[in-house]
Asker: 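This is the structure I have questions about; it appears just below.
Both backbone and side-chain heavy atoms feed into the values below; hydrogens, waters and symmetry mates do not.
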Amino acid sequence: MFGMNPFVTAVSTTSNPRELKRIYGANAVISRVDRYNLIHLDSPGKEEVRRRTVQFDADELFEDDCPLCRMLRGRDLDIIYLHPPAPEGLMGRQKLLM
């Protein structure tokens, strides 16, 4: 899917890059797709950030048969990429942190 297993955090409170860096750290790389902040904490290169941003598809991230996924889809969310990849999570390839 994304080359790494992203984490989904609780509903985002901001899309301001300066505020997001305050929350996630000065070394966080921030990109945005629609209503989703992509937070890259694994120090990816520019090409990897571009690839993740271009390939990001919320429909692939959220499972159709998951009530929580249906509730979160379309909300402003922070999607976090970590290294090493996250372990199998609550919804298969991603883990929900509340």
Asker: R73: which residues meet the side-chain contact (heavy atoms from CB on, under 4.5 Å) condition with it, sequence neighbours left out?
Answerer: Y36, D59, F62, D64
Asker: My understanding is that only residues two or more places apart in sequence, or in another chain, count here; which of them pass side-chain contact (heavy atoms from CB on, under 4.5 Å) with V33?
Answerer: L38, T53, F56
Asker: Going only through I, L, V, M, F, W and Y residues with side-chain contacts under 4.5 Å, is there a path from V54 to Y81?
Answerer: no
Asker: Got a salt bridge between R51 and E47, using NZ or NE/NH1/NH2 to carboxylate O under 4.0 Å?
Answerer: no
Asker: Do side-chain atoms of N37 reach the backbone of N16 as a donor and acceptor pair under 3.5 angstrom?
Answerer: no
Asker: In the hydrophobic clustering (ILVMFWY, side-chain contacts below 4.5 Å, transitive), which residues join V29, or is it alone?
Answerer: V49
Asker: Do D78 and R32 meet the salt-bridge criterion of a basic N to acidic O distance under 4.0 Å?
Answerer: no
Asker: CG/L77 to CZ/R35 distance, rounded to the nearest 0.5 angstrom?
Answerer: 8.5 Å
Asker: R70: which residues meet the side chain to side chain donor-acceptor pair (under 3.5 Å) condition with it, sequence neighbours left out?
Answerer: none
Asker: Calculate, to the nearest 0.5 Å, the distance between atoms CE and SG belonging to M71 and C66 respectively.
Answerer: 9.0 Å
Asker: Checking L41 now: which residues fulfil side-chain contact (heavy atoms from CB on, under 4.5 Å) with it, not counting sequence neighbours?
Answerer: Y24, A28, I39, I80, L82
Asker: Test side-chain contact (heavy atoms from CB on, under 4.5 Å) on H40 and R52; report intermediate values, then the result.
Answerer: CA-CA 10 Å; H40 311 270; R52 290 177 184 172; 3.0 Å; yes
Asker: Mind checking what makes side chain to side chain donor-acceptor pair (under 3.5 Å) contact with S15, not counting sequence neighbours?
Answerer: none
